[in-house]
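Take a look at the structure below.
Excluded from the calculations below are hydrogen atoms, water molecules and symmetry mates; all remaining heavy atoms, backbone and side chain alike, are included.
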Amino acid sequence: MKVLVIGAGNMGLTYAEGMANSAVLNQHKLKIYDTDPKKIKKLKKDSRFQVFDSLEDCLPSADIVFIAVKPYHSDDLFSTMTSMLSHDQIFVSLMAGVTIETIQQKLSTEKVVRTMPNLPAQVGKGVTSYTESDKVSKVELIMVRTLLDTTGTSIHVTTEKFIDASTGISGSGPAYVFYFMQSMLEAALKMGFSDYDSKILVSSTFEGAIELFNQSNLSPESWINRVASKGGTTQAAIDSMEDNNVKQLIQDAAYAAFDRAIELGKEK
């Protein structure tokens, strides 16, 4: 299985490193393509990769091609790729908002897997939702999922609607968490804690809460009830959030990302 990653940006390189560090490729070096001379020079020092600055030298021989460029660069890329493709190649898109149908039409190909990754893939804690076109076989889909799982875990969804929806939850979700963390950090600083102590207080609180959630079958609401007592400090905080409609605002934010993902697909 020969795998090519097109685009050595944050997400492309994350998946390239995840796949290259795994045993999945069975000692075949992962191929990676980019046009940035500085990136190419740096990547060529990494023995895990075969690095290319010409698609002609790497694309025709690839079995599975990960496309990890910015969506607004996709049209130029696709026009360059079309003359080099073969019928059996599988294309895995990491691009937000670019539909399977668009990729099929632009590349005159049938086997496309569309994904929605997220940033924690950089530390092996990513979650990637994915769905496929009709011509991708079950065996091929298992191969793709195995590659996706090298950066964390993956979730198969039945339609592209759920790819857009997962954009609003997991794709953009880390930014919501960082937003909440930043708010708590600023509150800690205002209370007089040092930068270091504020970071420890906030990061350890998030880490511990997530571990509690993952190691039990309790809902977040149940955990809130375990922490909060009537008339206590936690209940005062929860009451403030409820009075300010924070829950609805967070849900509105997730839907805003969802709606924008749909708009991006229509723009392409």
Side-chain angles (χ1 to χ4, degrees), residues 11 14 18 94 96 114-131 145-146 148-262:
M11 201 54 69
T14 292
L94 302 177
R114 183 182 169 194
T115 75
M116 174 43 60
N118 71 352
L119 194 62
Q122 292 185 359
V123 291
K125 294 289 186 179
V127 58
T128 305
S129 57
Y130 68 98
T131 194
R145 178 167 192 163
T146 301
L148 295 176
D149 283 346
T150 62
T151 61
T153 190
S154 58
I155 297 173
H156 181 255
V157 296
T158 54
T159 69
E160 289 185 84
K161 171 188 174 182
F162 291 106
I163 296 293
D164 292 327
S166 64
T167 302
I169 303 299
S170 60
S172 300
Y176 315 157
V177 176
F178 293 136
Y179 190 92
F180 201 95
M181 291 179 74
Q182 182 63 35
S183 300
M184 290 179 66
L185 282 168
E186 291 175 9
L189 290 169
K190 288 179 181 178
M191 292 175 185
F193 289 102
S194 68
D195 287 345
Y196 177 80
D197 287 346
S198 296
K199 182 177 180 179
I200 295 299
L201 284 168
V202 173
S203 63
S204 297
T205 298
F206 269 78
E207 185 178 1
I210 290 167
E211 194 66 24
L212 284 172
F213 178 71
N214 285 338
Q215 291 189 12
S216 77
N217 293 320
L218 294 177
S219 67
E221 185 176 12
S222 296
W223 278 113
I224 290 172
N225 291 334
R226 286 196 172 197
V227 180
S229 57
K230 187 175 181 180
T233 58
T234 305
Q235 193 58 54
I238 297 299
D239 288 344
S240 175
M241 292 183 195
E242 290 291 334
D243 290 344
N244 287 284
N245 210 23
V246 173
K247 182 187 293 185
Q248 187 60 52
L249 291 174
I250 292 171
Q251 293 176 7
D252 289 347
Y255 269 95
F258 177 22
D259 292 340
R260 181 56 184 153
I262 295 172

Kindly indicate whether the side chain of Phe180, heavy atoms from C-beta on, has any atom under 4.5 Å from the side chain of Met184. yes

Do other residues, nucleotides or ligands put more than 12 heavy atoms under 6.0 Å from Glu207 CD? no

Just to verify, what does Thr153 make a side-chain contact (heavy atoms from CB on, under 4.5 Å) with, not counting sequence neighbours? Val127

Just by modelled atom types, is the Ile163 backbone N or O under 3.5 Å from a matching donor or acceptor in the Thr167 side chain? yes

Look up atom CG in Leu201 and atom OH in Tyr196, then write down how far apart they are to the nearest 0.5 Å. 10.5 Å

At what distance, to the nearest 0.5 angstrom, does CG of Leu94 lie from CG of Leu148? 7.5 Å

Quick one: side-chain contact (heavy atoms from CB on, under 4.5 Å) partners of Ser166, sequence neighbours excluded? Met116, Ser129, Ser170

Less than 4.0 angstrom from a charged side-chain N to a carboxylate O is my criterion; do Asp149 and Arg145 meet it? yes

Check: residues 226-235 side-chain donor-acceptor pairs under 3.5 Å, at least two apart:
unit_1: Gln235; atom_1: NE2; unit_2: Asp239; atom_2: OD1; d: 2.9

CE of Met11 to OG1 of Thr128, rounded to nearest 0.5 Å, is 8.0 Å

Check step by step if side-chain contact (heavy atoms from CB on, under 4.5 Å) holds for Arg114 and Tyr130. CA-CA 6 Å; Arg114 183 182 169 194; Tyr130 68 98; over 6 Å; no

Separation between CD1 of Ile250 and CG of Asn245, rounded to the nearest 0.5 Å: 10.0 Å

Quick one: closest heavy-atom pair of Phe193 and Ser198, and the distance? CB-OG, 3.4 Å

On a heavy-atom basis, which atom in Pro174 and which in Asn118 lie closest, and how many Å separate them? CG-ND2, 4.1 Å

Between Thr131 (side chain only) and Glu160 (backbone N and O only), is there a donor and an acceptor less than 3.5 Å apart? no

For the side chain of Tyr176 and the backbone of Gly168, is there at least one donor-acceptor N/O pair under 3.5 Å apart? yes

Drop me the distance from Gln248's CD to Tyr255's OH, to the nearest 0.5 angstrom. 9.5 Å

Nearest heavy-atom contact between Phe178 and Leu119 is CE1-CD2, 4.5 Å

Applying the side chain to side chain contact (heavy atoms under 4.5 Å, CB included) test to Ser240, which of Ile238, Asp243, Asn244 qualifies? Asn244

Value for CD1 (Ile169) from CG (Asp164), rounded to nearest 0.5 Å, stands at 12.5 Å

Shortest non-hydrogen contact from Leu212 to Ser216? O-OG, 3.2 Å

